[in-house]
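Heavy atoms only: backbone and side chains are in, while hydrogens, waters and symmetry mates are out. The sequence lines fix the lettering, A, B, ..., with proteins before strands; numbering per chain opens at 1.
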Amino acid sequence: MALRFYNTLTQRVEDFTPLDGKTVRMYTCGPTVYHYVHIGNLRTSLFQDILRRWLAYRGYTLMHVMNITDVEDKIIRNAMQQGKSLSEYTAQYEQAFLEDMATLRMQRPERIVRATEHIEEMVANVEALTAKGFTYVAEGSVYFRIASFPSYGKLSHIHFEGQMAGARLDMDEYEKDDARDFVLWKARKGDEPFWDTRLGPGRPGWHIECSAMAMKYLGETLDIHTGGIDLTFPHHENEIAQAEGATGKQFVRYWLHAEHLLVDWQKMSKSLGNFYTLRDLLEKGYSPEAIRYQLSQVPYRNKLNFTFDGLAASSTALDRLRNFKLRLDTAKFAEGANAALSEAAIKARAAFDEGMDADLNTAEALGAVFEYVRIANIAMDAGEFKVGNTPQAHALLDHFDAIFQVLAVTRAAGAKDDAEIQALVDERTQAKKARNFKRSDEIRDQLAADGIVLEDTKDGVRWKRK
RNA sequence: GGCGCGGUAGCCAAGUGGUAAGGCAGAGGUCUGCAAAACCUUUACUCGCGGGUUCGAUUCCCGCCCGCGCCUCCA
């Protein structure tokens with residue numbers, strides 16, 4: 001079956017077809033760099049990475065733009081408190097975010113753009129809206145008048161007629177004509193940073209950066225727009241108003257939203273003390289691959305309740321796959337090929353692909369790999385796995401890992417290199433042959449202390465990094 | 001109150017109108033100088049509850065209960 005995604009706009013799973021042949025124009029709402037991102041943010045980034053990789057596998061050329069929000073209330077507040085400029089303050093967190101992405105083996109989008117470098121595009125977007133009568137000015141700020149945009153609410157499926165029974169309203173924003181209206185351009189306030197523009201001195205509202213930058217780099221109609229589910233309203237709804245108000249054309253064809261990562265079944269927040277950064281987990285000794293696995297294994301549209309038990313389980317599950325690969329690389333197989341196993345490899349590959357095509361069902365895809373691993377292990381135990389079956393097994397693992405990116409071990413700084421380890425392993429084998437168990441056990445313990453595990457198998461000794 | 005997502009074995013989780021993938025944990029076993037590691041076997045007559053449609057529902061419809069999120073510049 002074809003590649004298909006759940007589209008928030010239509011609330012249905014739809015076949016995916018880009019507007020322009022094999023090119024996919026995709027925009028991602030990246031982080032607001034006022035602090036280190038947490039693993040919930042990274043889960044969303046990881047969904048985007050997997051989406052990228054799968055689109056590429058399916059033969060599409062990506063034009064993927066991700067923004068960095070580097071001007072915003074918390075950034076301004078924190079930067080001013082620390083006596084830093086905005087860019088001085090945000091640079092450290094932007095850098096940290098990019099490092100986190102690399103640690104988790106995420107690809108960089110084709111283009112990463114910063115809000116503060118696109119003020120002119122935002123001003124132009126606001127002007128286009130004003131020209132069409134969608135805006136009004138109050139106390140120097142420019143607002144979008146929602147009443148003038150009838151389709152407002154089509155993404156979040158909110159009907160605004162008799163709205164707001166139990167919702168809270170922000171009473172500070174008394175200058176708005178309608179509580180639902182949102183700000184496009186904020187008038188300069190106090191000694192906050194500002195830009196002198198045709199809209200007057202001030203700074204952009206949050207939503208305008210994304211519509212302006214997305215259209216600048218990807219055109220008026222995008223294929224895919226992604227983000228966390230909490231951005232659906234109001235952020236993405238407002239992006240639609242800004243873009244479609246200005247162009248009169250459909251802004252985004254497929255809206256994909258990642259569900260939240262939860263801790264104790266609650267959204268992460270600092271006040272609850274359930275806020276983890278990638279650095280926190282690495283300090284506790286979890287590997288980047290185990291974290292990547294844990295964040296990938298639950299399909300992106302499901303909530304993922306993060307627990308350390310779950311992370312440990314992911315680590316063990318990942319070991320199973322790595323052990324299989326190691327066995328494939330080190331065991332001795334008889335000549336020939338087993339037709340039934342070839343069949344199993346083909347089936348596993350097809351099931352993996354079908355799972356991924358079905359709105360990136362990573363759980364199903366993963367299941368297909370594990371099923372093959374079990375079948376192959378049984379065959380190896382029985383001596384029925386043949387040399388001729390190895391290429392297919394490798395191909396399946398490579399195919400899986402091209403998307404999941406978890407099989408290679410991240411080596412600690414200062415770790416022994418392979419040759420060094422092999423020399424010790426060989427020395428131990430010699431000692432064992434000579435029945436010098438004292439020396440052989442000594443080497444085994446020494447390697448264990450360095451995180452190297454030795455495994456004696458019928459085909460000889462193999463080793464791996466823990 | 002409105003909108004949205006979900007409730008499947010101890011935990012995580014896939015799935016289909018015809019009688020429940022996979023992973024972790026647990027139990028048993030194989031291998032081994034000892035061990036470690038690894039591998040294998042095994043665990044839901046049942047899919048939140050109550051109705052309905054159907055020859056047949058976990059899967060469709062209705063109602064209810066429970067959890068989570070959004071409705072405040074939160075991924």
Task: Whether A/Phe404 and A/Phe400 hold their rings parallel, tilted or perpendicular, with breakpoints at 30° and 60° - done: parallel

Any protein N or O atoms within reach of nucleotides 3-9 of chain B? Criterion: under 3.5 Å, listing atom names and distances.
{"from": "B/C3", "atom 1": "O2'", "to": "A/Ser156", "atom 2": "O", "distance (Å)": "3.0"}
{"from": "B/C5", "atom 1": "O2", "to": "A/Lys303", "atom 2": "NZ", "distance (Å)": "2.8"}

- [ ] Ignoring hydrogens and angles, tell me if any N or O in the side chain of A/Asn389 forms a donor-acceptor pair with the backbone of A/Asn338 under 3.5 Å.
- [x] yes

Open item on the list: Between B/C39 and B/G52, how many Å separate the two P atoms, rounded to a whole number?
Closed with: 49 Å

Task: Among A/Phe47, A/Phe5, A/Tyr6, ring pair (Phe, Tyr, Trp, His ring centres under 6.0 Å) partner for A/Tyr300 - done: A/Phe47

Open item on the list: Between C1' on B/C70 and CG on A/Asn238, what's the gap in Å once rounded to a whole number?
Closed with: 14 Å

TODO: Mind listing the residues from residues 352-365 of chain A sitting with a heavy atom below 4.0 Å of RNA chain B? Number order is fine.
DONE: A/Asn361, A/Ala363, A/Glu364

Open item on the list: In whole Å, I'd like the distance from the CD atom of A/Glu237 to the C1' atom of B/C70.
Closed with: 12 Å

Open item on the list: If I pick the C1' atom on B/U8 and the same atom on B/C49, what distance separates them, to the nearest angstrom?
Closed with: 15 Å

TODO: Take atom P in B/C60 and the same atom in B/C47, then report the distance between them in whole Å.
DONE: 15 Å

Task: A/Phe134 and A/Tyr152 aromatic centres sub-6.0 Å - done: no

- [ ] Quick one: look up who B/C64 pairs with, Watson-Crick or G-U, both distances under 3.5 Å, and put none if it's unpaired.
- [x] B/G48

Open item on the list: Base, sugar-phosphate or nothing for A/His38? Non-hydrogen atoms, less than 4.0 Å.
Closed with: base

Task: Contact letters for nucleotides 31-39 of chain B, in which S counts primed atoms plus P, OP1 and OP2 and B counts the base, heavy atoms under 4.0 Å - done: --BBBBSSS

TODO: Give one of base, sugar-phosphate or nothing for A/Gly310, where a contact means two heavy atoms less than 4.0 Å apart.
DONE: nothing

Open item on the list: At less than 3.5 Å, do the side-chain atoms of A/Lys267 and the base atoms of B/C68 form a donor-acceptor pair?
Closed with: no

Task: Close side-chain approach of A/Thr135 and A/Tyr143, heavy atoms under 4.5 Å - done: no

Task: A/Lys432 bridged to A/Asp456 by N-O distance under 4.0 Å - done: yes

Task: Check: A/Lys154 main-chain N/O paired with A/Glu237 side-chain donor or acceptor under 3.5 Å - done: yes

Task: A/Leu184 side, atom CG; A/Tyr136 side, atom OH - distance, nearest 0.5 Å - done: 9.5 Å

TODO: Determine the Euclidean distance between corresponding C1' atoms of B/C45 and B/A57; express it in Å to zero decimal places.
DONE: 15 Å

Open item on the list: Using a 4.0 Å heavy-atom cut-off, does A/Leu42 contact any base of the nucleic acid, only the sugar-phosphate backbone, or nothing at all?
Closed with: nothing

Task: Rounded distance (Å) that lies between atom C1' of B/C11 and atom CZ of A/Phe308 - done: 16 Å

Task: Presence of A/Gln266 side-chain N/O under 4.0 Å of B/C68 phosphate oxygens OP1/OP2 - done: yes

- [ ] For nucleotides B/G15 and B/U59, find the distance between their C1' atoms and express it as a whole number of Å.
- [x] 9 Å

